[in-house]
S.K.: 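Have a look at this one.
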Amino acid sequence: MLKILSANGLLWMMLIIFQSAGFAQTPEDIIPTTDTTPVPVDTQESPRDFAQRLIQRLSMSDNSDISDMFDQRFNRTYKQYKVTLVANNFSALLNEFGTLTPANLLSNVPQGNAESGLAAQNEQIGEFKLISGDVPIILIRIRQEDGRYKWFIARETVLAIYENMPEQHQTIIEQLLPEILATQSWRGAPIGQWLSLPIFAIIAFAFSWSMTFGSLFIIKRYTKITENTVSHYIIDVMLRPACIVIAVVIFLFMSRFAGLSILIRQSFSVFTISLIWIAFFIFVWSLVNRVAEHSEKYLREKNKVGGLSIVIFLRASAKVVLFTLAVIILLDTSGYDVSTWLAALGIGGIALALGAQKTIENLVGSIMLVLDQPLRVGDFCKIGDCKGTVEHIGMRSTSLRTLSDTVVTIPNGVLSGEQIENFTRRQRFLVKTTLNLRYETPIDKLEDLLVALRKNLVSFEFVIPMPARVRFIGYGAFSLDVEVMTYIRALNYEIFLEKQEKLLLSFSHIVEEHGSGFAFPSQTIYTVEDDFTTDAAQQKSLRQKPPAN
């Protein structure tokens, strides 16, 4: 008998140890698997799939038993009635005390969000706000007998709800609704609650509009904010987005406070999130417009016409990018898979970039022209072999009106790589000429002439004295060469020509006063008459003379 008792005791001890070890194992090892065939990852259930399945089960007419969506392993430690109690009251608790994360914002990856801060194989999809504290709704990922993984509401959540089970009351919306609207349901929620949504929205918008525009009136009344100031621009940009965000917050608070069904709150959760995104994009859109308008005004006041094109281009580009991001984010928030679309856009963008290399090169060239500003509209420039006045600087090309009154269009991509000589940017104009005096000029007259030329040069107020020189530089082929070099102050090329003309004419008067003149290319021919008879007689006598011994 003792041996039998000892054997039975040993058996019970082994069973207890086995159960304890099994309870401490990881979720994958709890439920035995009979099928070891690998399961494709894309067929596994994700937290988003579970949330959608939960909402679908709650919206069914008979949603009293959702215990199969809870982790059943706690039966080894807790009694079944605890799970049944939590499952039967789960929908009512969510309506009065709970919130669920919109399904479209949950992870669509079977393994869940690895950066959630929770333990592996866990995911939070909502919470209960109870008097005793917040109870997070945690999911746990468990492997099934067929090798697939599914998500369940974790034991920790079930135990916390059971131990802090609040006393349920009739919600405010349930107290106010007539019986006919409270008993008739649509998509799992009373019709009266669906009909109350427009009323809540109108009230929320009215409160929001009153708060925002009332605050604006008070600010303008008791401050010195005027139009066309930075503070006015900031208020104007933030007013409408703030009104939308405040209306959404008030609407969510009212629906939560009134105790609307969790099914209704989940159905419009995507809409409220989309409204917040729309408010954000309206804010950025308005900000881009204000910054662009201010930049254009500044460039016009500074007469920087070339910068207007780049501002207009950047504003248009920013709006296109902003609109594209808005569409992608709103579609992703609505539950559409935009990854395939983004991949297609990436391939299309590469193809477009390859096909529009020259266009992109010209756009980049125009940006570099605006940033460096080597030329502006109205400048007289030399670009390569072409001289002319800049008429237009566009996003693709620059127009140059030549001295022959023709218009040359140069692509900005080519222009950014060319050597540009800008004559308009000169702060002073060089005058360098050579006076060719006649060789008949006496030396003493030449010396007096040089002194007179030097005094005359520095006597003009538009002549920059340093450096300014008059020097005799040598003997030319037909003249005595005197070099004159100086700089002239002038606002533009036309004024420079006028002053240069006055200076050169003064040189002519001084040369004439000193009895000299300007030489011109000439050739002197010297002729000599030879006596051919004498030469012929001498040559004859030489031929007749015999050679010396």
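Bear in mind the structure is a predicted one, so any value in this text is a computation, not a measurement. Residues take their numbers from the sequence shown, with the count starting at 1.
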S.K.: Check S208 against I250 and note the closest heavy-atom contact, atom names and distance.
M.R.: N-CD1, 4.1 Å

S.K.: Closer than 3.5 angstrom, by distance alone: can the side chain of W151 be matched with the main-chain N or O of P110 as a donor-acceptor pair?
M.R.: yes

S.K.: Are the charged groups of R57 and D68 less than 4.0 angstrom apart, N to O?
M.R.: yes

S.K.: Would you find a donor on one side and an acceptor on the other, under 3.5 Å apart, between the side chain of Q111 and the backbone of V109?
M.R.: no

S.K.: If you define the side chain from C-beta out and look only at heavy atoms, does anything of L197 sit under 4.5 Å from L260?
M.R.: yes

S.K.: So for atom CE, which belongs to M165, do other residues, nucleotides or ligands contribute more than 12 heavy atoms lying within a distance under 6.0 Å?
M.R.: yes

S.K.: Would you find a donor on one side and an acceptor on the other, under 3.5 Å apart, between the side chain of Q124 and the backbone of G126?
M.R.: yes

S.K.: Please check this pair: side chain of S399 against backbone of T409, looking for a donor-acceptor N/O pair closer than 3.5 Å.
M.R.: no

S.K.: For Q175, does the CD atom have more than 12 heavy-atom neighbours from other residues, nucleotides or ligands under 6.0 Å away?
M.R.: yes

S.K.: Working to the nearest 0.5 angstrom, can you tell me the gap between T101 OG1 and I125 CD1?
M.R.: 7.5 Å

S.K.: Does N164 use its side chain to pair, donor to acceptor, with the backbone of A160 at less than 3.5 Å?
M.R.: yes

S.K.: Which heavy-atom pair separates E123 from S107 by the least distance, and what is that distance?
M.R.: OE2-CB, 4.0 Å

S.K.: Does the side chain of P102 come within less than 4.5 Å of I273's, by heavy atoms?
M.R.: yes

S.K.: Check Q193 against S261 and note the closest heavy-atom contact, atom names and distance.
M.R.: OE1-N, 2.7 Å

S.K.: Would you find a donor on one side and an acceptor on the other, under 3.5 Å apart, between the side chain of R256 and the backbone of E96?
M.R.: yes

S.K.: How about F200 and M254: do any of their side-chain heavy atoms sit closer than 4.5 Å?
M.R.: yes

S.K.: Rounded to the nearest 0.5 Å, how far does CG of D379 lie from CG of L400?
M.R.: 10.0 Å

S.K.: So, taking the atom named CG in L325 and the one named CG in L330, what distance separates them when rounded to the nearest 0.5 Å?
M.R.: 10.5 Å

S.K.: Under a 4.5 Å cut-off applied to non-hydrogen side-chain atoms, are I153 and D71 in contact?
M.R.: no

S.K.: Would you sort out whether R290 and E293 count as a side chain to side chain contact (heavy atoms under 4.5 Å, CB included), showing the intermediate values?
M.R.: CA-CA 5 Å; R290 283 297 183 183; E293 291 173 1; 3.6 Å; yes

S.K.: Output yes when a side-chain donor or acceptor of W285 lies under 3.5 Å from a complementary backbone atom of K319, and no otherwise.
M.R.: no

S.K.: Is there a donor-acceptor contact under 3.5 Å from the side chain of R265 to the main chain of L252?
M.R.: no

S.K.: In Å, rounded to the nearest 0.5 Å, how long is the span from CG of N113 to CG of L105?
M.R.: 11.5 Å

S.K.: How many angstroms lie between OG in S274 and CH2 in W277, if you round to the nearest 0.5 Å?
M.R.: 10.5 Å

S.K.: Are the side chain of R48 and the backbone N or O of L106 linked by a donor-acceptor pair below 3.5 Å?
M.R.: yes

S.K.: Checking side chain to side chain contact (heavy atoms under 4.5 Å, CB included) for the pair T212/L239: CA distance, chi angles, key distance, verdict?
M.R.: CA-CA 7 Å; T212 52; L239 187 63; 4.1 Å; yes

S.K.: When you compare the side chain of P411 with that of L415, does any pair of heavy atoms fall below 4.5 Å?
M.R.: no

S.K.: Can R53 and E45 be counted as an ion pair, charged N to O under 4.0 angstrom?
M.R.: yes

S.K.: When F251 is tested against each of F257, F268, F205 for ring pair (Phe, Tyr, Trp, His ring centres under 6.0 Å), which residue passes?
M.R.: F268

S.K.: Is there a side-chain contact between I173 and S196 (heavy atoms, below 4.5 Å)?
M.R.: yes

S.K.: Can you name the nearest heavy-atom pair linking V288 to R315, along with the distance?
M.R.: CG1-CG, 4.0 Å

S.K.: Under 6.0 Å between ring centres, would you say that holds for F323 and F281?
M.R.: no

S.K.: Which pair of heavy atoms, one from L181 and one from P190, lies closest together, and at what distance?
M.R.: O-CB, 3.6 Å

S.K.: Just by modelled atom types, is the P136 backbone N or O under 3.5 Å from a matching donor or acceptor in the T157 side chain?
M.R.: yes

S.K.: Can F50 and M69 be said to form a side chain to side chain contact (heavy atoms under 4.5 Å, CB included), step by step?
M.R.: CA-CA 9 Å; F50 176 86; M69 304 189 72; 3.5 Å; yes

S.K.: List the steps, then state whether side chain to side chain contact (heavy atoms under 4.5 Å, CB included) holds for Y149 with R143.
M.R.: CA-CA 4 Å; Y149 285 89; R143 187 175 183 179; 3.4 Å; yes

S.K.: Working to the nearest 0.5 angstrom, can you tell me the gap between F271 CZ and I276 CD1?
M.R.: 11.0 Å

S.K.: Could you check if a side-chain atom of I142 sits within less than 4.5 angstrom of a side-chain atom of I140, using non-hydrogen atoms only?
M.R.: yes

S.K.: Check the pair S46, D49 against side-chain hydrogen bond (donor to acceptor under 3.5 Å, both in side chains), reporting the backbone distance first and the verdict last.
M.R.: CA-CA 5 Å; S46 65; D49 298 331; 3.0 Å; yes

S.K.: Does any part of the side chain of L94, heavy atoms only, come nearer than 4.5 Å to the side chain of S91, both counted from C-beta?
M.R.: no

S.K.: Looking at every heavy atom in both L263 and S59, which two are closest together, and how far apart are they?
M.R.: CD1-CA, 3.5 Å

